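Indexing begins at 1, ligand by ligand and atom by atom, following the structure's order. Here the structure is a predicted model, which means the values were calculated and not measured. Any value given below was found using the heavy atoms of this structure, including those in side chains, with hydrogens, waters and symmetry copies removed.
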Amino acid sequence: MLSSYFNEDYYARYYKDGATRVAEPRYYDSLARFISGYSDLLGFSVRSIVDLGCGIGTLMKPLLRQFSKATYTGVDISEYACDKYGWELGSVSDYSPARSFDLVICHDVVQYLDNKDAKAAIKNFSDISSGMLYFSVLTEEDYLENCDKSRTDSIVSLHAANWYRAKLSRYFRNLGGGAYVSREVDVALYALEHLD
Ligand SMILES: C[S@@+](CC[C@H](N)C(=O)[O-])C[C@H]1O[C@@H](n2cnc3c(N)ncnc32)[C@H](O)[C@@H]1O
């Protein structure tokens with residue numbers, strides 16, 4: 001997808017206009033509370049957060065309310081969003097920071113990537129993660145059965161949930177609810193806390 005696709009009109013339609021936006025602000029607050037509660041339960045100390053494909057930064061304030069001692073790094077491919085909000089310009093598939101992050105977020109982004117870049121993005125999550133990953137993506141099943149099509153962008157590359165599960169499981173343990181931990185990260189998990 002061309003980065004110019006993610007322009008002022010795109011964010012107005014899917015994020016700012018109350019009549020067409022994809023989610024309400026309370027959703028992002030709930031999500032941040034879930035991530036915070038679960039990472040705390042598992043014993044992760046979160047001092048650095050990277051939000052890959054952060055858009056207008058819907059999760060920045062909710063996350064920083066929960067993780068008040070953490071730094072937040074927003075990364076996006078949209079020149080418009082980077083200029084307006086001060087994010088780092090980069091792609092989720094090859095963003096290569098000098099450091100790793102305690103919490104990697106990638107929310108509702110990878111459906112815009114082709115197969116090769118989507119696979120590279122999942123490997124990249126593992127390369128830059130030293131704690132928990134939160135990952136959500138629109139799958140074929142979600143597009144057919146779950147989403148409100150009037151509020152969901154259809155110009156995307158959909159895969160079945162099992163396609164993602166197979167790619168993720170190479171690098172991550174699935175903690176449920178969209179939470180993952182890299183297989184390289186040493187964390188004690190009870191048997192029923194993880195799905196694989
Ligand atoms: C559906 S929006 C999600 C925004 C944000 N994550 C949220 O949930 O509010 C998709 C975002 O992904 C960004 N994006 C698309 N392809 C990307 C890529 N390859 N690397 C980084 N960001 C990308 C777009 O610019 C856009 O901001």
*Could you please provide the protein residues found below 4.0 Å of ligand 1 on a heavy-atom basis, arranged by chain and number?*
Phe6, Tyr10, Tyr11, Tyr15, Gly53, Cys54, Gly55, Thr58, Asp76, Ile77, Ser78, Gly90, Ser91, Val92, His107, Asp108, Val109, Tyr112, Leu113

_Pair Asp76-Lys84, salt bridge (charged side-chain N to carboxylate O under 4.0 Å, His left out): steps then yes or no_ = CA-CA 11 Å; Asp76 205 284; Lys84 183 158 170 90; over 6 Å; no

*Test item: Asn174 side-chain N/O and Leu195 main-chain N/O as donor-acceptor pair under 3.5 Å*: no

*Shortest non-hydrogen contact from Leu113 to Val109?*
CD1-O, 3.9 Å

*asked:* Quick check for you: to the nearest 0.5 Å, what is the distance between Ser39 atom OG and Phe34 atom CZ?
replied: 9.5 Å

*Would you call Asp153 and Arg13 a salt bridge, taking side-chain N to carboxylate O under 4.0 Å as the test?*
no

*Could you tell me whether Glu140 atom CD has more than 12 heavy atoms of other residues or ligands within 6.0 Å of it?*
yes

